[in-house]
2 protein chains.
Amino acid sequence: MISLQHIKSPKPEDLPSELEGLRMTKQRREVLAIILGERDHPTANDVYVRAQNRMPTISLATVYNCLEALVSHHIVRQVNFERESSRYCPNLEDHCHFQDEESGIIHDVIFKKGVKLEDFLELPQGTEINHLEISLKGRIGSE
Amino acid sequence: MISLQHIKSPKPEDLPSELEGLRMTKQRREVLAIILGERDHPTANDVYVRAQNRMPTISLATVYNCLEALVSHHIVRQVNFERESSRYCPNLEDHCHFQDEESGIIHDVIFKKGVKLEDFLELPQGTEINHLEISLKGRIGSE
DNA sequence: ATCGGAATTAGAATAATTCCAATTTCTACT
DNA sequence: AGTAGAAATTGGAATTATTCTAATTCCGAT
Ligand SMILES: [Mn+2]
Ligand SMILES: [Mn+2]
Ligand SMILES: [Zn+2]
Ligand SMILES: [Zn+2]
């Protein structure tokens with residue numbers, strides 16, 4: 001059995017009927033397939049627009065509902081840059097995000113092998129981290 | 001001459017008439033004094049409510065204008081946690097933020113001495129970072 | 001086939017923030 | 001001091017991402 005992460009562009013109908021205890025409805029499958037397919041960190045509205053191709057009657061509210069369900073079941077990740085609209089990421093590995101200010105494109109950035117939070121942050125001991133988000137903005141080297 | 005960072009609770013009238021090339025108007029001084037005073041990462045609305053004590057006619061639009069001016073002149077920092085409303089921080093040192101999910105209180109977290117971004121992130125070489133935000137959520141150790 | 005809970009839907013509501021146009025305040029210059 | 005122009009402030013309207021609501025539809029279990 002192969003993890004979803006390694007299927008590049010699954011057709012919605014190839015997705016299982018349940019994931020992480022979440023019932024995969026037609027709409028949730030469609031939304032998930034879009035996020036897994038083009039790995040470009042789409043916004044809810046991006047997903048909505050793309051979903052309408054194959055599913056013209058899907059509603060934006062449903063897209064939001066699906067995203068919320070997928071995120072809370074840890075099937076996709078929500079990504080935030082300052083006050084911009086949230087984006088969604090299929091990469092469940094530990095990673096953070098870099099937005100190229102020129103193109104707006106968001107790139108995954110992974111941590112150096114074996115790095116722990118406590119290695120670079122002065123955390124009061126005993127602190128339990130439940131959520132971590134690192135967002136970078138800048139320019140890609142052009143030399 | 002002492003940096004603003006070290007004045008615990010400056011009275012607005014003690015603030016200079018210009019900072020970082022930004023003209024310090026009555027309203028901007030008031031907003032800045034509030035942020036420097038109670039170092040609790042207030043939201044724009046928090047600032048608005050507090051400002052009304054000494055300046056009952058200040059408007060929320062002005063508070064937003066002042067905050068935007070102070071942030072863009074690097075006099076205060078804007079802090080974001082997911083989709084919550086922005087908060088403002090007077091600490092200009094390199095640091096990030098931890099929100100205690102129990103109390104909602106936000107704590108400054110500093111980096112370990114001498115740590116560089118490239119030490120823990122696999123950044124494509126040549127990348128120029130203009131902006132970095134690290135936000136943590138969790139619980140404070142209670143043993 | 002039917003029941004009951006869960007999901008979807010359209011549209012209204014919310015809330016943070018930004019925009020706008022009118023007014024006030026400053027600053028610089030006579 | 002008096003004044004013109006620029007910049008800042010103001011109240012209210014607009015915007016926009018997201019959430020809520022209530023009605024309908026769907027689906028899996030009996
Ligand atoms: Mn989580
Ligand atoms: Mn900056
Ligand atoms: Zn990602
Ligand atoms: Zn801070």
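Per chain, numbering begins at 1; letters A, B, ... match sequence-line order. The structure displayed is predicted, hence computed values, not measured ones. When reading the values below, keep in mind they use all heavy atoms of this one structure, side chains included, and skip hydrogens, waters and symmetry mates.
Ring geometry for B/H97 against B/H41 counts as perpendicular: the plane angle is over 60°, on a 0 to 90° scale with 30° as the lower cut.
The side chain of A/C66 lies closest to C/dT8 when the candidates are D/dG12, C/dT17, C/dT8. Taking the side chain of B/T25 as heavy atoms from C-beta on, and the options C/dT9, D/dT9, C/dC26, the nearest nucleotide is D/dT9. In this structure, the nucleotide among D/dA7, D/dT9, D/dT18 sitting nearest to the side chain of B/R23 is D/dA7. Among the nucleotides D/dC27, C/dA16, D/dT10, the one closest to any side-chain atom of A/R83 is C/dA16. When the nucleotides C/dT17, D/dT18, D/dT9 are ranked by their closest atom to the side chain of A/S86, D/dT18 comes out on top. Comparing C/dT9, D/dT9, C/dA16 by their nearest atom to the side chain of A/I58 picks out C/dT9.
When the shell of 6.0 Å around CD of B/E93 is examined, it contains 12 or fewer heavy atoms from other residues, nucleotides or ligands.
For the pair B/E30 (side chain) and B/R54 (backbone), a donor-acceptor distance under 3.5 Å is absent.
Residue B/A44 is the one, among B/A44 and B/S17, whose nearest nucleotide of DNA chain C lies closer to the 5' end (criterion: closest heavy atom). Take the nearest nucleotide of DNA chain D for B/S59 and for B/L22: the residue whose nucleotide is more 5' is B/L22.
B/K137 and B/E101 are not joined by a salt bridge, as no carboxylate oxygen comes within less than 4.0 angstrom of a charged side-chain nitrogen.
The side chain of B/Q27 places an N or O atom within less than 4.0 Å of a non-bridging phosphate oxygen (OP1 or OP2) of D/dT10.
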